Amino acid sequence: MRDREGVPEAGDEEKMQEEDVKASATATAAAAMPPTSVMTRLILIMVWRKLIRNPNTYSSLIGLIWSLISCRYIAT
């Protein structure tokens with residue numbers, strides 16, 4: 001890349017600039033994405049909010065609880 005005197009050879013500056021651009025693009029992409037645990041937590045929060053808004057969720061939970069209690073006490 002450089003000759004013995006430390007002076008860049010012809011075309012080396014372009015290569016060095018390209019490498020710098022690639023390295024900065026990689027660093028920017030890595031810095032932009034949060035950790036997996038944070039992404040998972042955000043997804044779960046969004047799913048929970050959607051489920052809470054849906055009245056079918058409540059009726060399904062009530063039905064499930066009812067069936068479990070009914071099965072428990074009728075079987076004995």
Side-chain angles (χ1 to χ4, degrees):
M1 290 223 171
R2 295 179 183 260
D3 63 2
R4 292 183 186 156
E5 296 173 5
V7 179
E9 294 178 2
D12 281 346
E13 287 185 30
E14 279 185 30
K15 289 179 185 176
M16 290 172 59
Q17 287 176 352
E18 287 177 13
E19 290 174 2
D20 289 341
V21 168
K22 288 179 184 176
S24 65
T26 305
T28 303
M33 290 298 295
T36 306
S37 61
V38 173
M39 290 298 294
T40 304
R41 186 169 180 243
L42 288 173
I43 290 170
L44 289 175
I45 289 171
M46 290 179 67
V47 168
W48 175 251
R49 287 181 182 167
K50 285 188 177 269
L51 283 174
I52 287 300
R53 289 184 192 154
N54 188 353
N56 291 335
T57 303
Y58 297 111
S59 61
S60 296
L61 287 175
I62 291 170
L64 182 63
I65 292 169
W66 179 270
S67 65
L68 290 173
I69 292 171
S70 174
C71 181
R72 170 85 176 167
Y73 289 111
I74 293 177
T76 56

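Keep in mind that this is a model prediction, so the values were computed, not measured.
Legend: residues meeting side-chain contact (heavy atoms from CB on, under 4.5 Å) with Ile65, ordered by chain and number and at least two apart, are Ile69. Checked against side-chain contact (heavy atoms from CB on, under 4.5 Å), Leu61 has the following partners two or more places apart in sequence or in another chain: Thr57. Evaluation of the side-chain contact (heavy atoms from CB on, under 4.5 Å) rule for Ser60 yields no partner, not counting sequence neighbours.
In the hydrophobic clustering, where aliphatic and aromatic side chains (Ile, Leu, Val, Met, Phe, Trp, Tyr) are joined below 4.5 Å either directly or transitively, Leu68 groups with Leu64.
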Tabulate below the donor-acceptor pairs under 3.5 Å that side-chain atoms of residues 36-56 make, not counting sequence neighbours, or state none.
unit_1: Thr40; atom_1: OG1; unit_2: Thr36; atom_2: O; d: 2.9
unit_1: Asn54; atom_1: OD1; unit_2: Asn56; atom_2: N; d: 3.1

